[in-house]
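Proteins come first, then strands; the chains are lettered A, B, ... in the order of their sequence lines, and each starts at number 1.
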There are 2 protein chains.
Amino acid sequence: MVYQLIGKPNICMKSFIETIKSIEVESPADKIIGQLKQLITSGQLQPGDRLPAERVLAEKFGVGRSYVREAILKLEFYGLLKTNPQSGTYVSGLSIKVMDSIITDVIKFNKDDFNALLEARYYLELDAVKLAAERRTEQDLENLREALLDYENKINNGQDAVEEDMLFHIKIAKASKNSVIESMILILIPDLIKNIVENKICGENRGKLAIPEHRSILKAIEERDIDAAENALAAHLNDMFQISQAGYNAQKIINSAPN
Amino acid sequence: MVYQLIGKPNICMKSFIETIKSIEVESPADKIIGQLKQLITSGQLQPGDRLPAERVLAEKFGVGRSYVREAILKLEFYGLLKTNPQSGTYVSGLSIKVMDSIITDVIKFNKDDFNALLEARYYLELDAVKLAAERRTEQDLENLREALLDYENKINNGQDAVEEDMLFHIKIAKASKNSVIESMILILIPDLIKNIVENKICGENRGKLAIPEHRSILKAIEERDIDAAENALAAHLNDMFQISQAGYNAQKIINSAPN
DNA sequence: TAATTAGATTTGGTTTACCAATTAATTGGT
DNA sequence: ACCAATTAATTGGTAAACCAAATCTAATTA
């Protein structure tokens, strides 16, 4: 089993300009989330309690109700709050410690650490492809073959095919028949594409090399060969990962050059 | 390597009442997302284009601007739109096919398929623990030991310790040093806790049995033994999963009983 | 006294109005 | 005809206003 990604050092790859940009003030909603966090961790808001009315919170925090609602919406997505229409918003029954851990992450969840992104994608897809090899239907195979053809056509015409590549991987995620894993992969893909395109990670030869790799992944899924599918995908992603690292190092040098 | 989860059939575990509830009309924001999807897939909105102004969209869809904003916010999280203040909201450069695939998922992303949830958690944590075994710092070990102690104390007092259990797993996620994977695990945890508590998945003996399992996970992480960490965690989660399946089957029988 | 119910109040849901920044258009000068 | 500067219109950001459902209160009745 191949897990070469383990142990790779996290390289700080932010350029100077990006670093500047990332100092942006946190959004008003995130500020409110921070305030709510303090209310909870300080014990003023116990698990199970009802939150003060949105209007009250808005006034208390000196901000419009829109932001309070946005913050509540976000915390609701994480399962930390539950709002009942015309009744009130309630703190989940989770303990303070758990909430504290999670809220901290709600605020700082972003996808601009490219290495973390690549790594997460790597593992998630490996998981997905194993499930796909086990559960794929005939329809899934159809979808995969079509996506593979689209990719080959683009490549053979000498065009960029980053998105067709991703589409192939999306079909794998769908074939996993696990909606949660699929959703998580789907969340990452736009950012992956963005970074790959921006940093011109894929050379022309890379595109052609990927074709047989895709084919062997598909073949393994067709044959329900879990191990083969895992290995084929790992090899495929490892190639990309190494190339992207090289691209980033080059980028780093460019960015750190005096202007 | 243990991957017993593969191939387990997806059991429909929704109770009658929950099924009823899930027929709820999709939120106004999701409806708008659907409309936007159609605008994009029909070609009226090309990748890179600027969206009509929020006011225009609101009027066109016959709804308040808040909902349009909520929809845009959601699509922005998925990287499908980018809004520039005082300028406009722009469609990402992704191809129509990719956007179509993703938007479909944006609407139906929910975490109420408990089996998918458990399975995703299983794989994500397995990934996390491998990374944690490789990258953990002394501080991480401290955190893990503390979490483990909290758990043991609760259990030895005969109390419920579902959250302390989760806290231990949260610390593992943090030790992975991958913010994306950590965030994803954190998103799942409240729903996991909710389901576990609601379905009384953990009996008293289960709590005690988990103590040595936790210890061996910690030991493997301390020793940077990746394989051991993976195996220990897999065993731990497999135990829980089987118990939870049993719990669910029991639940199913209860729910399908005539009332 | 206890249960009930009509009304007032508070809630989140939804829409609208206002603001500052940006962009487009127009004007005036060259 | 072209360019610069000023103005007008449009944008998303923000706050406030309105609505209907849910809740609480208290008077009323059995």
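Candidate nucleotides dT11(D), dA15(D), dT11(C) were compared by shortest atom distance to the side chain of Ala53(B), and dT11(D) ranks first. Listed nucleotides: dC18(C), dC18(D), dT23(D). Nearest to the side chain of Ser87(A): dT23(D). If you check dT11(C), dA21(C), dT16(C) against the side chain of Arg65(B), the one that comes closest is dT16(C). The nucleotide whose nearest atom lies closest to any side-chain atom of Val63(A) is, among dT11(D), dA15(D), dG12(C), dA15(D).
The CD atom of Gln86(A) sits 14 Å away from the P atom of dC24(D) (whole-angstrom rounding). Atom CG in Asn84(A) sits roughly 12 Å away from atom C1' in dT23(D) (whole-Å rounding). Put simply, CZ on Arg50(A) is 11 Å from P on dT10(C), counting in whole angstrom units. Remark: C1' of dG12(D) and CD of Glu70(B) are 17 Å apart, rounded to the nearest angstrom. Atom-to-atom, CD of Glu54(A) to P of dT10(C) comes out at 16 Å; the value is rounded to the nearest Å.
The pair Glu26(A)-Lys31(A) fails the salt-bridge criterion, with no side-chain N (NZ, NE, NH1 or NH2) lying under 4.0 Å from an Asp/Glu carboxylate O. Lys154(A) has no carboxylate O lying under 4.0 Å from a charged side-chain N of Asp160(A), or vice versa, which leaves the two without a salt bridge. Looking at Lys177(A) and Glu119(B), no side-chain N of the basic residue comes within less than 4.0 Å of a carboxylate O on the acidic one, giving no salt bridge.
Nearest-nucleotide mapping onto DNA chain D: of Tyr90(A) and Arg55(A), the residue sitting toward the 5' end is Arg55(A). Nucleotides of DNA chain C nearest to Gly62(B) and Gly88(A) differ in position, and the one nearer the 5' end is that of Gly88(A).
Lys82(B) has its side chain out of reach of Thr89(B): every pair of non-hydrogen atoms, C-beta onward, lies at least 4.5 Å apart.
When both pairing distances are held under 3.5 Å, dT30(C) makes a Watson-Crick or G-U pair with dA1(D).
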